[in-house]
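All heavy atoms count here, side chains included; hydrogens, waters and symmetry mates do not. Keep in mind it's a predicted model, so treat the numbers as computed, not measured.
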Amino acid sequence: MNYLIELSHTLLQTVIDVTPIVLILAVFQYGVLKKQVPMLKAKAIGLVYVILGLSLFLLGLEKALFPLGELMAEQLTAHEFIKSGSDGDIDWMSYYWVYAFAFAIGFSTTIAEPSLLAVAIKANQVSGGVIGLWGLRIAVALGVGFGITLGVYRIVVGDPIHYYIIAGYILVVIQTNFAPKMIIPLAYDSGGVTTSTVTVPLVAALGLGLATTIEGRSPLIDGFGLIAFASLFPIISVMAYAQIIEYINKKQNSGAL
C-alpha cells in the first residue's frame, strides 16, 4: 500500500513537472504556428506513456538504485575496508577497489542513460548511419568512467580540482582543431547528456563518501566536482573516437589504392 501511495505522489509530481512543457508546446503550436498537431490521439497516448514511464523510473531509482549506490560508496570508502586491503600504510594505490567501482559505475550508468540513448539515436539517423549507435554510447561511457576515476584519484591525493579541469579543456581545444568537423558539436553535447537522472546521484554519493572518510578532506570542497569530470572527459573521448575512425578509414582507403 505504501508503494502505491508513493507511486501516486510521484505520478502527480511528474504530471506537474511535465505540464509546463506541454503548455509551451501547445502555445507555440496553436498560438504561433497556428497549425493542428497531426495524429494528435497517438501523441496524447505517447505522452501518457512518458508520464507513467518517468514515474516508475523515478520511484525505482529512489527505492533501489540510489540506496544501493550510496551503500556501496560508503562501504568501499570506509577506512576499515581500505586498510584491510593494504599491506602497510594507506596511500593512493590502496584505493584500487574504489577506482574500479568509480569506472564501473560511470560506464554502466552512462550506457543506461536515457538522454544519451536519445541523442545517439538522433545522431545515427541524421548521419545516415555514419555515427554508430553503440560506438557513440561506448565512447561517451568510457569518457565518463575515466573521468570519474580520475576525479576519485584527485580526491584521494587532495589535488586542487582546477588543475585537472584546465588541463582537460586545453586538451579539448587542441582536439577541436584536429577532430572531424561533423563530430565536434555532438562531442560537446555528449558532455551534457551524461549528467542526468541516473549518473548524478550515484557519482555525488561516491565523491561525498570518499571525502568524508579520508582524513583532511572537506566534503564541501573535495566531495563535489566529480560531475565536472563526468561532463568534460566524454567530449575528449568522443572526439578521440571520431579521430580513430577517421584514421582507420584513411588507412584502409590508402591500402586499397
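For the residue pair P219 and T212, the shortest heavy atom distance occurs at CG-OG1, 3.8 Å. When all heavy atoms are compared, the tightest approach of I16 to P20 is O-CD, 3.0 Å. Here the closest heavy-atom approach between residue G168 and residue L232 is recorded as CA-CD2, 3.7 Å. In terms of heavy atoms, S218 sits closest to A211 at O-CB, 4.0 Å.
Counting only heavy atoms from C-beta outward, the side chains of Y164 and D159 approach each other to under 4.5 Å. Counting heavy atoms from C-beta on, the side chains of L12 and H9 never come closer than 4.5 Å. Side chains of V144 and F233 form no contact here, defined as non-hydrogen atoms less than 4.5 Å apart.
Hydrophobic clustering (side-chain heavy atoms under 4.5 Å, transitive across Ile, Leu, Val, Met, Phe, Trp, Tyr) groups V157 together with W97. Y188 is connected to L136 through a chain of hydrophobic side-chain contacts under 4.5 Å among Ile, Leu, Val, Met, Phe, Trp and Tyr, so both are in one cluster. Residues L142 and Y153 fall into different hydrophobic clusters, defined by Ile, Leu, Val, Met, Phe, Trp and Tyr side chains chained together at heavy-atom separations under 4.5 Å. I235 and I245 fall into different hydrophobic clusters, where Ile, Leu, Val, Met, Phe, Trp and Tyr are joined by side-chain heavy atoms under 4.5 Å apart, directly or via other members. Linking ILVMFWY side-chain heavy atoms closer than 4.5 Å, directly or via other members, places F224 and V156 in two distinct hydrophobic clusters.
Distance CH2/W134 to CG/N124: 13.0 Å, rounded to 0.5 Å. In this structure, I236 CD1 and I174 CD1 are separated by 10.0 Å, a value rounded to the nearest 0.5 Å. M182 contributes atom CE, which lies 8.5 Å from atom CD of E246 (distance to the nearest 0.5 angstrom). Rounding to the nearest 0.5 angstrom, the gap separating the CG atom in L116 from the OG atom in S190 is 6.5 Å. With values rounded to the nearest 0.5 angstrom, F146 atom CZ is found 10.0 Å from F229 atom CZ. The CZ atom of F101 sits 11.0 Å away from atom OG1 of T149, with the distance rounded to the nearest 0.5 Å.
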Checklist entry - Taking it one step at a time, do R137 and E113 satisfy side chain to side chain contact (heavy atoms under 4.5 Å, CB included)? => result CA-CA 9 Å; R137 293 174 70 187; E113 191 64 65; over 6 Å; no
Next on the checklist: Quick one, Q243 with F178, criterion side chain to side chain contact (heavy atoms under 4.5 Å, CB included). Give me CA distance, side-chain angles, the key distance, then yes/no.
Outcome noted: CA-CA 8 Å; Q243 288 173 292; F178 298 98; 3.6 Å; yes
Item to check | Residues F103, I148; criterion side chain to side chain contact (heavy atoms under 4.5 Å, CB included); working and verdict | outcome: CA-CA 6 Å; F103 182 86; I148 294 176; over 6 Å; no
Checklist entry - Between T14 and S55, is a side-chain hydrogen bond (donor to acceptor under 3.5 Å, both in side chains) present by the stated rule, with each step listed? => result CA-CA 6 Å; T14 303; S55 301; 3.2 Å; yes
Next on the checklist: Determine whether D222 and R154 satisfy the following criterion, side chain to side chain contact (heavy atoms under 4.5 Å, CB included), listing intermediate values before the conclusion.
Outcome noted: CA-CA 9 Å; D222 300 304; R154 180 200 69 83; 4.0 Å; yes
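Think of I51 as one node in a network of Ile, Leu, Val, Met, Phe, Trp and Tyr side chains linked at under 4.5 Å; its network also takes in L11, V15, V18, V22, L47, V48, V50, L52, L54.
Within the 3.5 Å criterion, the main-chain N or O of A139 finds a donor-acceptor partner in the side chain of S237. A donor-acceptor pair under 3.5 Å is absent between the side-chain atoms of K63 and the main chain of G60, judged by distance alone.
I155 pairs in a side chain to side chain contact (heavy atoms under 4.5 Å, CB included) with only one of the listed residues (V98, L210, I161), which is L210.
In this model, no donor atom of one side chain and acceptor atom of the other lie less than 3.5 Å apart for N2 and E6.
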Under 3.5 Å donor-acceptor pairs involving side-chain atoms of residues 35-45, not counting sequence neighbours:
{"unit_1": "K43", "atom_1": "NZ", "unit_2": "P38", "atom_2": "O", "d": "2.9"}

